[in-house]
Structures are given as structure tokens and as C-alpha cells.
Amino acid sequence: MNIFDKYLDKIKKILLDLSKNGDLILPDKLDGITTETPPSKFNSDISTNVAMVLSKANNKLPTDLAVTLAEAIKKSDNLIDDISIIKPGFINIKFKPIFWTNFIEEIIKNFETFGINTNEKKNSYLVEFVSANPTGPLHVGHCRGAILGDVIANVLLFNKHKVTKEYYVNDYGNQIINFTKSVYFRIREIIYKENFPKDNDDLYPGDYLIDFAQNIINLNKKIDFKDFEKISEELTALSIEEALKLIKNNLNILGINHDNFISEKKIVKNHEVEKVIDFLQKNNFVYKGKIKAPAGENNEKWVEREQLLFKSTDFGDDKDRALQKSDGAWTYFASDVAYHKNKLDRKFDYLINILGADHAGYIKRISSSVDALSGKKNKLICKISQLVKLIKNNKPFKMSKRKGDYITVDDLIKEVGKDATRFIMLNRSSDVELDFDFDVVKEKTKDNPLYYVQYCYARIASVYRHLGLELNSKVDVKDYSFEYSKEEIDILKKISEWPKCIEAASTKLEPHRIPVYLYELASEFHSYWNLGKDNPKKRFINDQKEISDDKIALLKVVSNIIKSGLSIVGVDAPEKM
RNA sequence: GCGCUUGUAGCUCAACUGGAUAGAGCGCCUGACUUCGGAUCAGGAGGUUCUGGGUUCGACUCCUAGCAGGCGCACCA
């Protein structure tokens, strides 16, 4: 029930009628015509720019054209109370109160579908996110992208798309060898009391590896750990298993569950890289060549090497990209291309990758490869999650790789909680840097937007409790003949924007719109609630301990949206706080 | 040097794919608690949307040239 879409359709129909009669000239496309919420000062409900869009084709002033159009619109709809034309040529529609009564009745009868974007074609999506290297626990830096991916998936699911959530496990390559060695040294430390070589920069120094080592020792009594070469393969698998256990546990704490974990190693062992390169070769997208050093940099150490390159410049990249190392091994990029071929073969309509800001430079080359493999554009959508700046005691908190000096997901959630973390991380557009202030996030006041929104829900729950009603049961409204007050209509207007919010969040993959919207709705509600303080007549519950149907319906709708919005964000809607 | 990205109130950020007099919160100032839960509300001050050009009925939004910050720019993953 999107009233903006509904009235846009109505207006377009009217335009067609008018043009048939020769009263109006229409351009080829009616794209630019919109319906939206007018600024509050106009005391109006829906506005349209139609007169301005069509003024040129009709060679008329927008305000003149608006007169004709406004008349036609008003004539077509008996729920319109008043229609006015404002300066540049906006047509503002004001509804009769009964419009809003009908509106709420329809929502209550269709709770399950309210907000779902009905225009959109239903697609299947693969969302790849987190994909952190399986060498240790997740830290705060991973958190934002993890939550972004999860909630993008939730928004798409809410809109009835098909979604698969996937984690690409980089369990192949040099870093894994170094990781396994590090685990091995920790094992020797435990069994043979040898010191861990702290000065070796290639190794992973983190204390968590001691736990990995101990677990591996405990669970594999039969293994003789003396000779690394003999057990390296087995130890690699065990080490990755430990890391993944920890990562999955971290994700779980964040409320995130992936459907698939895809192993890079498996893709390589399956010869998928060779196959995909073969394909690219046949289609003339690869060649042997050299990559030039970037200009303006210190390039003394640059060595030009002849390697197998992918022609990503054909697709807008600034240089071609290496697929094979000089020792013959595939680059990370090569196996990632194979992975994306693997994704494409699974026939999703769209692939979504969530990347950290430091990987933004990677987007062109990987989307180039997807373009080359699929012969299509825009199949792959990459979203960047920008940096999170941590603030503690009003000071930036720098994480460094030095042991013990970074905050893990575990630490974070223990300190501030899952819900606050999710809400705050999402409350901003993903492409701006985010200040994450520990002290604010922990605070339980209106400074913390999560509690502000949850409090709204808890207040409604409290009213229901006072009346001995169940918030989650069906509302019992017999007769929808009531009228709403101005303040109530303000809330209803906000509610009417919910489907628009969901649509934008879904089509633009911008889930931050949801917490922002929920905050605004909660704000309208808190104002309304406080009216009852000055004027007892505006309280929900009257002196006879009763509530009227109009209010019970309104409360129900507000609480439902808050609840379903919070569930998309992935946080609780508590009835008591 | 090149690419991507950000620049909006003192601070942190919104702005419905180009709409109207650019909105919130924090901070500052003034007010409302024997509360249907004050974890709340009402009001005030605060703006050349980084700068210059362009496109148009209309630009925070699009184009272009700059400026400033961030990220990235080999066979790491």
C-alpha cells in the first residue's frame, strides 16, 4: 500500500486521458514525474511536480498548466479535500480525514505485506560479505561491512527477493602457509617449551594462536608434531578449522549467519582457475605482457616481468591485471575470477560484494572480469563500507597490529552489546566514515538512537499492558468510522512513507535509511505521547481505563512498523526496557 | 602522478535517484516531572551545502575545472 505510487499512477492515467482529448501534449516518457511528501509548512499530504515537467512540451507556464491538471485530479478523486498550486508549479493535495482512516484500515488488514515493494521484479541475489582471512578473530574493522551485508540481505529478503549469504574463505596462498607455521611454533612452544620467534614479521604473533595450538593438541593426540613437513597439510586444515570456528562464533555474536562458506582452496584444486583462464583466453581477454610502474612514485625497485595479464582496461580499469605469478602460481585475483565464474554459474540475477574501503581499488578489476565472463554489465554490484573511527573518552582510539592493541568483535559486543552495535553502525550511509563513540553507544538515553526507537515500542507495549491487551495479538477494531486529529495524521503521514523508505533501501542498497526512518517515526510518536501530559483528553487511556478504536489502531500500526524495521536491522524490540 | 571516495550548522550526520524557505541529534540558551514509563517533550540561537564555471523552470544532488581530507595504485590476500 504505497499511496505515492498509487497517486502517481492515477495522475499518469489522467494525463493520458487529457492527451487523448487533445487537451495536453505528452513527451515520449513520463519518467520525471514524481509524487512526494510536501514540506510540512504547506499543510498538505502529497505533492506532484507534473505541471513543471510538462510545461515545456505544452509551451505553458507551470502554474497555468497546474490549474488544468489540478482540476482534473480533484474531479477524479472524492477523497481529496483540497488541492493547491504553489509557486514554481507544485500541485499539493490535501486529503479528507477519511482518507487516513481508510489508509490505516487497509494496513491493519494487510500487515504482512505493508512496506513490501510490490513494483520491483523479484530477483535472486548472492551477497558475499565479511570474507575475512581465516587466520584469526574478527575485529571492529570487519564489523561494519559484516552488518551492512547482513542487513542488505535482510532488506532484500523483506522485499521477497531470493538471497544467498556467502563467505569466501581465503584458505589458500602464502598467508595461510605463514599462518600455519605460526600455529606450529605455538605448538612447539607448548610441547617442547621453545620460544615463539617474535622477531619474524611473516608470522602471526596474536595470543589467540596459543588457544588454537592448545585445541589442536588436545583434539589430535595421535599426531606427532615433531616434523613440520610431514604434518603441514593436516596442520593447515586443522588451523583453518580453528580460525573458522572462532570467526563463525564471532559472526554468531553479531547475529549473522551465512548460508555458504566457499573455500578458495577447493576452487583451485577443482581446476576452476585453469578453466576460467581458458575461457578468457578463447575470448581474447588475456595476453602475456608487462605491467608498467605507476608514475610519480618511488619506483627504483620496480621489476617489469612478463606475465599472464587480464585485459581489464577493455572494461575501464586503469591497468591490466596479473593472473599468474612468475613461479607459475595463480594470483589471488585469478582465483577470485574463478570464484566469480563459480558464482555466475549458479545463475543469480545479481551478485553483490561488500568490500572494505581499503579494497575499493579492487572493484574495477573484479567487475571487469565479471563483465568479461558474463558478457553483461551491472551484474556485479560492489558496496564499500567506509572506515569506522573509534572514539573512547572523547579521543580517537587507534588500533595497531601490535599484539593486544586491537579490539575484537568479542570485546566490542561484550562492552556495548549486539543491538547497539548494529544500530549505530547502520545509522549512517555506508560511504561516509563513521564515528563510533563507545561512551555514546553504551549510554541508555536519547543520545543513543537505538534506545530512542526501542523506547517508543516499549511505551506502546506499556499501554497495551495497562489495558490487559496483547501487543502481538490481532487488533480488534469493529468500526472504522473514526477521524484522526492533526497530530495523528502527522504520524500517519510518516507511516505512509515507510514503503518508500523500504523501496529506496532495497533498490539503492542503502540500509541506513531504515534506522534513520525509524528514528523519525519514533520522534513523531514521542511528541504525540507527550501531548497527553498537558491535555488529558489526548491520552491513550481514558479515565474509565478504556482506549478508543482509533488509538488502538494507530498504536498497533506504529508498533508493527518499529518492530519490523528493527527486525530488518537485526535488533530486538523489547516490550520492557 | 593516476584511480576511487568524502566535503552540508561549532561537532556528528540526514535530505525520498533534480524539487519548494536545506533538516535531525550533540553542544549552548529557556521551559515541562505526585509520568498512560522523563530512556521523554516544547521553544530559541546557529547555513554563501569547499571554490569557480556549466546544464535547467529548478542543483547539496548532474557535467567541468580546481581545493582539502581519506583509501588504494606490483608476484600480499
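Lettering of chains follows the sequences in order, A, B, ..., and the numbering in each one begins at 1.
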Using a heavy-atom cut-off of 4.0 Å across all strands, would you classify [X] as base, sugar-phosphate, or nothing?
X	result
Y172(A)	sugar-phosphate
S429(A)	sugar-phosphate
Q386(A)	sugar-phosphate
V303(A)	base
D31(A)	nothing

Side chains of residues 53-65 of chain A: which donor-acceptor partners sit under 3.5 Å, not counting sequence neighbours?
residue, atom, partner, partner atom, Å
S55(A), OG, M52(A), O, 3.4
N58(A), OD1, I25(A), N, 2.7
N58(A), ND2, I25(A), O, 2.9
N58(A), ND2, L54(A), O, 2.9

Among [options], find the nucleotide with the atom closest to the side chain of [X].
X	options	value
N133(A)	rA77(B), rC41(B), rC4(B)	rA77(B)
K56(A)	rA14(B), rC16(B), rU56(B)	rU56(B)
T37(A)	rU6(B), rC16(B), rA77(B)	rC16(B)
S462(A)	rC36(B), rA20(B), rC71(B)	rC36(B)
R539(A)	rA20(B), rC76(B), rC36(B)	rC36(B)
F540(A)	rC16(B), rC76(B), rC36(B)	rC36(B)
R428(A)	rC76(B), rC13(B), rA77(B)	rC13(B)
Y451(A)	rC76(B), rG25(B), rA39(B)	rA39(B)
E433(A)	rG38(B), rA14(B), rG70(B)	rG70(B)
W529(A)	rU6(B), rU21(B), rG38(B)	rG38(B)

>> For S527(A) and G173(A), find the nucleotide of RNA chain B closest to each by heavy atoms; which residue's nucleotide sits nearer the 5' end?
In response: S527(A)
>> Suppose you measure atom C1' in rG44(B) against the same atom in rC60(B); what distance do you get, rounded to whole Å?
In response: 26 Å
>> Quick one, Y519(A) with Y452(A), criterion ring pair (Phe, Tyr, Trp, His ring centres under 6.0 Å). Give me CA distance, side-chain angles, the key distance, then yes/no.
In response: CA-CA 7 Å; Y519(A) 187 91; Y452(A) 185 84; 4.4 Å; yes
> Side chain of D171(A), backbone of K265(A): donor and acceptor closer than 3.5 Å?
Replying inline: yes
